[in-house]
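The block underneath contains the structure these notes are about, expressed in structure tokens.
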Amino acid sequence: MRKEVPFIISLIFAAFRFALEAFDGPYNYTLVSGDKLLNAMSWAMTFMSCGALFLGVLNLFRIHGNNIRRRRPHWQLSVYLLVVLVFQSLLGLFTHHTHPAYAWSYQGIYVPIDSTMFSLLAFYIASAAYRAFRVRNSDAAVMLAAAFFLMMGNVPIGELIWGPNGPLGGFTGIKDWILRVPNAAGNRAINLGIFLGIMATQSRILLGIERRHLGQE
Amino acid sequence: MKFLERFDQINPQIIYLIMAVFLIFPVLKPIGLPLSINQQLTRPVYDWIESLNPGDIVIFDAAYGGGSSSELEPQLKAWFTHCMMRGVKVVGLAQWESGSQLAYNALKSLSQELEAQGISAEYGIDWVMPGYKAGGGPTWRSMQDDFWTACGNVDVEGNHFSELPLLQNLRQWTPQTVKGIICFSAGSPGIPTFTQYFPDHNLYVGDVAVQVAGTSNLLRSGQVKGIIPGLRGAAEYEKLIERPGLGVKLMDAQSMGHLIIIILVVLGNIGYRLKLRNTRKRA
Amino acid sequence: MSTNPQTWVAALCTLAVYSYLYKENIFFRIAEHTMIALAVAHSLVTGWHNTFIPYIETHVKTKGWWWFWIFFAFGVLYYARFLPARYAWITRYPVSISVGWALGYYFSLFPRQYAVQIADSVRDLGQFENILFFLMFVLSMMYFFLTVGGNSKTFQQISKVGRWILMINFGAAFGNTVSGRISLFLGRLSFLLSDWLGISL
């Protein structure tokens, strides 16, 4: 029963939403307040997620609390993390996220670290391109050629070498054509594959074959 | 030959150093290489704002975080400046919590600069930032029927919508009340929210370069009407509105970065081929 | 050079992260832990002020939708995962509601955007570029046909062309990725040079 009841709840909500989305009558059904039932349900689902607002914080407490209790390597950093977490959360909850004190650390610490973390990828992609981009077969050669035209078409130096007024529209013209035709065709094929994959998974959930989201017994 | 073979295995730290050093020079001393406007991607976005009348409302979605702000903020700033220059009213939403704060801070300081230059960009009248709203696609769809309620009636600062003059004209989000949407997108949630729940609206995308290959598919199918592609797109937009900014200045460095990577790939392949040939000879 | 303490902190954070390029070190680890703490706190704070409080005002108090608290209570059940194993299964209730709600979406609205793309693939086949696109699309799809005609030599040759088209797609994605990643670095570089060191760019 611990899995059957949740599964039945899933089915009820699935059927309910399907009806709300797919048929005109339920879609346009309005409550006394003048709001659509569909919208009211969407907001209710959002409000449900508000019940779990502290989930991330508690999860961090669990993981880093364990680190501290078991004196794992770098447990001092876990203490530091929890102190920062509690301080920033309380500051934000009791003031507002636009309060200068809160915004100071967000803008001055979080944003630069986040940006810099991603910008590390500029170095890794250079290194990875150099180490992994070897022309071992025809597939790799085609990929490399496409990447070359895209890269040259993306930067002014490419325009300087073979400008948009040159034959075939230069690097920019070729880049645009690649994006518009073969790239879009390949991308669409992959997208449709993903779509079919998602529908297959959803069908398994609907039929009760896939129940891993309900956890272990 | 031995020397060339060594290109097969350059220490990663040396590659990092080359990248860093060679990118600093063009940032400090750009020479201003030519930059054309992409008619297929960037131009339609510019033409969209040009086609609007003063007082028309457009909505942008800041679906990005700090990790992609270097690419998308120059785009947002150029596009926002264009809107303010044309008298187009801007309403800012965000599917990402971080995007809400970043876009608001960026536009707050930009609007002060614009005001100082005599371009009207007053908060509440010319632009408003309701910001991040949780609930994903269904909540966003519900904004079409009742924008105020779906947004919880408050903007990022906690101001009630009734105190913001611009929002008095935006009770419902329809193609008649909002003359187009632009999603500054760095990933998910992002573009699919609009292709799914806003199929009747004109959608434009301020895209991180990484996603442009994927979004081109949507451009072809007409689900997206125009794309500002990465930092280059920002530079093109700055050029279109004749206000060259950071995007334009960094384009020479972009050229240098691309050249380094192309050279590294070529060197790596030379080293690889020579090593392969010598190994076969020895065998 | 900047005299703003916030700019200094931001610059030091930037350098701490870049120090990882040399090797993992304590400065990077501190930056990493700070980022996680601030990100989670921000998610909580914005959810609280932008959604939770306004929803209580707009829906619960103004409209009198007290039934919203029932959904809220289901949301609270998510915390059951922190309880001992014999109670942790309670968390299945909010999960099943969310999954069911999403399931309804997948079988109603979700296929729409793909239907648009399929229809577009056969649009205006009088034009050469559209024919070419259609052929490339079909060839790419054929690469994914794993069950039908897999052993035929002709089929394998055709699917090889499909694979090349997919390779062009990956190459294009790579080319654009290079552009994007360099932009991110340039963003940080211009911050360090201009905002922090005060060099005019």
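Convention: sequence-line order gives letters A, B, ...; per-chain numbering from 1. Hydrogens, waters and symmetry mates are skipped; everything else that's a heavy atom, side chains included, is used.
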Is it the backbone or the side chain of [X] that comes under 4.5 Å from a heavy atom of chain A, or both, or neither?
X: C/I97; answer: both
X: C/I90; answer: neither
X: C/V178; answer: both
X: C/S98; answer: both
X: C/A73; answer: neither
X: C/W8; answer: neither
X: C/T7; answer: neither
X: C/E32; answer: both
X: C/T14; answer: both
X: C/S183; answer: neither
X: C/V138; answer: neither

Between [X] and chain C, with a heavy-atom cut-off of 4.5 Å, which part of the residue counts as in contact: side chain, backbone, both or neither?
X: A/L11; result: neither
X: A/F87; result: neither
X: A/Y124; result: side chain
X: A/L20; result: side chain
X: A/N191; result: both
X: A/Y106; result: side chain
X: A/T95; result: backbone
X: A/A128; result: neither
X: A/F123; result: side chain
X: A/L91; result: neither
X: A/L60; result: side chain
X: A/M41; result: both
X: A/A19; result: neither
X: A/I178; result: side chain

Is the closest side-chain heavy-atom distance between [X] and [Y] below 4.5 Å?
X: C/Y20; Y: A/M117; value: no
X: C/Y93; Y: A/V5; value: yes
X: A/F61; Y: A/L85; value: yes
X: C/F137; Y: C/I165; value: no
X: A/Y27; Y: A/K36; value: yes

May I ask you to name which of [options] has the most heavy-atom pairs under 4.5 Å with chain C?
options: A/V84, A/N154, A/I205; value: A/N154
options: A/S78, A/A44, A/G56, A/A146; value: A/A44
options: A/Y80, A/F195, A/F7; value: A/F195
options: A/L82, A/V32, A/I190, A/V86; value: A/I190
options: A/A147, A/A14, A/G186, A/A126; value: A/A14
options: A/S49, A/A15, A/A185, A/S115; value: A/A185

Among the options [options], pick out the one with the most heavy-atom pairs lying under 4.5 Å from chain A.
options: C/N169, C/L184, C/N176, C/L189; value: C/N169
options: C/F134, C/Y78, C/F28; value: C/Y78
options: C/Y55, C/F71, C/F52, C/W101; value: C/W101
options: C/G180, C/S140, C/A85; value: C/S140
options: C/R81, C/H49, C/M141; value: C/H49
options: C/F110, C/F107, C/W67, C/F170; value: C/F107

Can you name the nearest heavy-atom pair linking [X] to [Y], along with the distance?
X: C/T51; Y: A/C50; answer: CG2-SG, 3.8 Å
X: A/V135; Y: A/A141; answer: CG1-CB, 3.8 Å
X: A/W104; Y: C/Q6; answer: O-NE2, 2.9 Å

Where at least one partner belongs to residues 98-112 of chain C, residue pairs that pass salt bridge (Lys or Arg N to Asp or Glu O under 4.0 Å), sequence neighbours excluded: none
Donor-acceptor pair, side chain of A/S10 and main chain of C/S96, under 3.5 angstrom: yes
Partner set under side-chain hydrogen bond (donor to acceptor under 3.5 Å, both in side chains) for C/D120, not counting sequence neighbours: A/R188, C/R123
Residues, nucleotides or ligands: over 12 heavy atoms within 6.0 Å of A/F118 CZ: no
Aromatic plane relationship, A/Y110 with C/H42 - under 30° parallel, 30 to 60° tilted, over 60° perpendicular: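 The rings of C/H42 and A/Y110 lie parallel, inter-plane angle below 30°.
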Aromatic ring pairing C/H59/C/W65, orientation class (parallel under 30°, perpendicular over 60°, tilted between): parallel
C/R188 to C/F191, cation-pi by 6.0 Å centre distance and 45° axis angle: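 Judged by the rule (NZ or CZ under 6.0 Å from the ring centre, within 45° of its axis), C/R188 counts as positioned above C/F191.
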Stacked cation flag A/R134 on A/Y130, 6.0 angstrom / 45 deg: yes
What's the separation between atom [atom1] in [X] and atom [atom2] in [Y], rounded to the nearest 0.5 Å?
X: C/L44; Y: A/L90; atom1: CG; atom2: CG; value: 9.0 Å
X: A/L37; Y: A/S42; atom1: CG; atom2: OG; value: 9.0 Å
X: C/L192; Y: A/T116; atom1: CG; atom2: OG1; value: 7.5 Å

A/R131-A/S127 side chain donor-acceptor pair, cut-off 3.5 Å: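 Checked: A/R131/A/S127 side chains pair up, N/O donor to acceptor below 3.5 Å.
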Side chains of A/S33 and A/D35, donor plus acceptor under 3.5 Å: yes
